[in-house]
Amino acid sequence: MRQSKSFIPTLKEVPNDAVVPSHVLMLRGGYVRALAAGIYSFLPLGYRVVKKVCEIIRQEMDAIGGQEFHLPALNPKEIWEETGRVQAFGDTMFHLKNRDYVLAPTHEEIITFHARKVVKSYKDMPQTWYQIQTKFRNEARPRSGIIRGRQFLMKDSYSLDIDTAGLDVSYNLHDQAYRKIFTRVGLKFFVVGASSGAMGGSGSEEFMVGSAAGEDTVAHCEACGYAANVEVASSVIQPVQRETESKAVYEISTPNIKSIDELCGFLNINERQTAKSRVYIVDDKAVLILMSGNDDVNETKLEKALGSGVRPAHPEELKAITGADAGSIGPIGFNGRIIADLRIKECNNLFSGANKNDYHIGGIDFVRDVPSIEYADLRTAVSGEGCPKCGEPLGVFTAIELGHIFKLGTKYSSAMGATYLTEEGDEKPIVMGSYGIGVERVIACSIEQSHDESGIIWNKSIAPFHVHLLGLNMKKEPVAEASEKIYNELLSAGVEVLFDDRIDAQAGFKFKDADLLGMPIQLIVGEKKLAESKVEVKIRKTGERLEIPLEGLAATIKDLIEKL
RNA sequence: CGGGGUAUAGCGUAGCCCGGCUAGCGCGCCUGGUUUGGGACCAGGAGGUCGCAGGUUCGAAUCCUGCUACCCCGACCA
């Protein structure tokens, strides 16, 4: 493709609205443009990337026997009413104003609709049906550019099986296909077991990629692959040891000391010698939670331990319940249920609040002084702590969900009457699975994982072009001539090449654009090297530069691409 | 939906508190010339309902009211 005739509107400055790197670079590189909040147009270069990602997905889906469909985005609302999901989606579903149609946010109902008409016998299964299409969700807050939009491209596949054993097979095939897809596009990903949420069903896994633009916080172990949402993740830590001798309880004046750090500084003690207090309201009753030092309470774990919803007590409530403000609350004299984190189980000689402002208490022995105390795992795992599976250090970071595979079971087939006859002649609901991949997220995550200050660094599998040919000074006859010749040679050799043949752009300008656009290989044709019958290659990823002879250039380049 | 912020030329911005604007600057764009290996230089030029509507005032980009759009944090998220 000739750049002089292409629409690639690059931007030198960072657009005001863009924050996350992938968004900034796609905008600056002329890959996408926003139309409205969460609605983007893919420009020619961006669409090439979309097509490449889709093609990889398509190949891997076809490889496990998937059959591609093209399904309507415009759906009669009544189909969605059969499964109660008009209500379940609520405001997230787009409704048309002048007809009882909705815009499909996913396609389980449509697949089930077709399945119930034609899949009538156990002999018709298994089936894997998929589509790569635009879906619509009225997100309350679109964000991070292309990562969370109101309109987005999604590969969704649906498996139809006669029983759960069949579903397990389909599910595992998808699991394997997904690993291949994400590996092929060059992403560093990991897999988290997840709850299946509003989709219903029994088992599911999320395919995640670490990113600062992520919406979930996860704990992940590089060594063994353990991964869990931080809400449920556990970790191996050093518990606080009970000392052999318990001191007596004593009150200490601690004026204006509020935080654990201040307390430790004031008393010259270690945070492990302290018990931090948090008061939660559970079923209208106050519960005191004690954590070691600055350990964070994990509210999901707390809710699990208590079996019902919790909320932190308001400041006014704290005063009424304990007689003190946050910062001076503790177990001694607390009237109510007290639960401590396992890390400080049966500890002694601890410091905590006195339930009196500006006072703390030392020498607390949970066994002696707080006989009614209970213990539970309540802490939030932190980076560097031991993996619960293998003990190696865990990483805790935010991540983006790229793909999600579910075992749906018979939720939709039962609701919509999609049944088949077994070998014995019994009527049974089809057992289904549902498997999604966010196409834009694959692209955004690739950029999030692979860029530098200058721009994008595409993995060759999804780069819009493999080679960016830069004719440095196209006003010089030898350069223009050689560049043209090379361009044609590469095209004939089947190399995907973007040719910067602009005559009015200076060398520096072309270099900057090339780095921003991020093709894996830059082929630089300049006057000086040309005099020696050579051109220069720059590997975008490493910055490495090579001089290669004109003789046999196309073959050399193909070789280089191969090795990337 | 709750909280915060922003809206001035294609992009990035100054001016707004403290009204006097004929709205300034950089990039980009057009013309001519020079330049040509890391976002060139000189000269000339075009481009603005200052988000929209109303109000206050002799006078509003600037003050007030309402609305809209976009961004961020949170809630939500197949």
Side-chain angles (χ1 to χ4, degrees), chain A residues 9-20 23-24 27-28 30 33-40 80 83 85 88-93 104-109 135-145 147-150 152 154-158 194-201 204 206 213-216 229 311 400-406 408 411-412 433-438 441 453-455 470-480 500 502-517 522 524-531 535-536 538 543 545 547:
Chain A
T10 57
L11 262 20
K12 194 161 146 185
E13 283 171 295
V14 177
N16 183 268
D17 288 343
V19 174
V20 302
H23 190 200
V24 169
L27 246 22
R28 284 195 52 213
R33 281 291 119 101
L35 179 65
I39 307 177
Y40 287 83
W80 289 84
T83 55
R85 287 172 101 202
F89 270 106
D91 200 42
T92 302
M93 181 179 258
T106 173
H107 281 84
E108 280 80 8
E109 277 76 359
K135 314 239 166 175
F136 300 86
R137 290 186 196 175
N138 185 22
E139 293 293 346
R141 177 152 100 86
R143 71 183 90 174
S144 305
I147 289 172
R148 189 175 202 78
R150 295 213 166 108
F152 53 96
M154 180 145 200
K155 188 287 298 182
D156 251 336
S157 48
Y158 305 91
S195 66
S196 31
M199 294 296 288
S204 81
E206 288 176 338
E215 303 183 328
D216 299 296
N229 195 300
R311 66 165 175 86
I400 295 172
E401 177 190 343
L402 288 183
H404 206 157
I405 60 178
F406 296 90
L408 292 176
K411 175 175 165 159
Y412 296 92
S434 156
Y435 319 88
I437 293 178
R441 287 186 175 189
E453 329 62 61
S454 306
L470 311 182
L472 285 196
N473 185 350
M474 294 297 283
K475 283 178 185 163
K476 301 268 183 181
E477 195 57 37
V479 175
D500 193 343
R502 294 175 292 180
I503 48 173
D504 50 350
Q506 296 205 216
F509 202 94
K510 294 191 176 188
F511 288 135
K512 292 287 186 188
D513 260 2
D515 285 347
L516 173 62
L517 295 180
Q522 292 173 18
I524 302 156
V525 182
E527 219 178 356
K528 286 172 203 155
K529 297 278 158 55
L530 214 47
V535 290
E536 187 177 333
K538 176 180 163 186
R545 287 169 190 275
E547 284 182 18

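Scope of the values below: all heavy atoms of this structure, side chains included, with no hydrogens, waters or symmetry mates. Numbered from 1 within each chain, the chains take letters A, B, ... in sequence-line order.
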Sugar-phosphate only, base, or nothing, as touched by [X] at under 4.0 Å among non-hydrogen atoms:
X	value
A:Lys528	nothing
A:Gly526	base
A:Asp513	base
A:Pro15	sugar-phosphate
A:Ala140	base
A:Arg28	base
A:Ser144	sugar-phosphate
A:Glu401	nothing
A:Phe152	base
A:Lys135	nothing

Counting side-chain heavy atoms from CB outward, which of [options] is closest to [X]?
X	options	result
A:Lys475	B:C70, B:U36, B:G37	B:U36
A:Asn16	B:U13, B:G39, B:C76	B:U13
A:Ile524	B:U35, B:G37, B:G12	B:G37
A:Lys512	B:G39, B:G37, B:G12	B:G39
A:Lys12	B:G39, B:G38, B:C70	B:G39

Distance, rounded to the nearest Å, where [X] contributes [atom1] and [N] contributes [atom2]:
X	N	atom1	atom2	value
A:Asp504	B:U31	CG	C1'	14 Å
A:Glu527	B:U35	CD	P	13 Å
A:Glu215	B:C73	CD	P	10 Å
A:Leu27	B:C70	CG	C1'	13 Å
A:Asn473	B:U36	CG	P	8 Å
A:Met474	B:G37	CE	C1'	15 Å
A:Leu472	B:U36	CG	P	13 Å
A:Ile147	B:C76	CD1	P	20 Å

Under 5.5 Å and under 30°: A:Phe511 stacked on B:G38: yes
Considering heavy-atom distances to RNA chain B, does A:Val14 or A:Glu139 have its closest nucleotide positioned more toward the 5' end? A:Val14
Both A:Val525 and A:Arg150 contact RNA chain B. Which one's nearest nucleotide lies toward the 5' end? A:Val525
Is there a donor and acceptor pair, one atom on the side chain of A:Lys510 and one on the base of B:U36, closer than 3.5 Å? no
Between the base of B:G38 and the side chain of A:Gln506, is one N or O donor paired with an acceptor at under 3.5 angstrom? no
Considering all heavy atoms, the nearest [X]-[Y] contact:
X	Y	answer
A:Tyr435	A:Phe406	CE2-O, 3.9 Å
A:Leu516	A:Leu11	CD2-O, 4.1 Å
A:Phe152	A:Gly149	CD2-O, 3.8 Å

Using purine N1 to pyrimidine N3 plus N6-O4 or O6-N4 for Watson-Crick, or N1-O2 and O6-N3 for G-U wobble, both under 3.5 Å, which nucleotide pairs with [N]?
N	answer
B:A40	B:U34
B:C76	none
B:C27	B:G10
B:C18	none
B:C52	B:G66
B:A61	none

For the backbone of A:Val14 and the side chain of A:Arg28, can you confirm whether one donor and one acceptor N or O come within less than 3.5 Å of each other? no
Does any donor atom in the side chain of A:Lys12 or A:Thr10 lie under 3.5 Å from an acceptor atom in the other side chain? no
Between A:Arg141 and B:C73, is there a contact of a side-chain N or O with OP1 or OP2 at under 4.0 Å? yes
Looking only at atom [atom1], what distance separates [N] and [M], rounded to whole Å?
N	M	atom1	answer
B:G51	B:A14	P	14 Å
B:A61	B:G19	P	14 Å
B:U13	B:A7	C1'	13 Å
B:G55	B:U22	C1'	26 Å
B:A46	B:C27	C1'	16 Å
B:C30	B:A69	C1'	32 Å
B:G48	B:C21	C1'	13 Å
B:G3	B:U49	C1'	33 Å

So that I can tick it off, tell me whether A:Asp500 and A:Arg502 are bridged by a salt bridge, with the cut-off set at under 4.0 angstrom between side-chain N and carboxylate O. yes
With a 4.0 Å cut-off on N to O distance, would you call A:Glu108 and A:Lys411 a salt bridge? no
Applying side chain to side chain contact (heavy atoms under 4.5 Å, CB included) to A:Glu206 and A:Ser204, what does each step give before you reach the verdict? CA-CA 7 Å; A:Glu206 288 176 338; A:Ser204 81; 5.6 Å; no
Looking at A:Glu215, I want to see if its CD is surrounded by more than 12 non-hydrogen atoms of other residues, nucleotides or ligands under 6.0 Å. yes
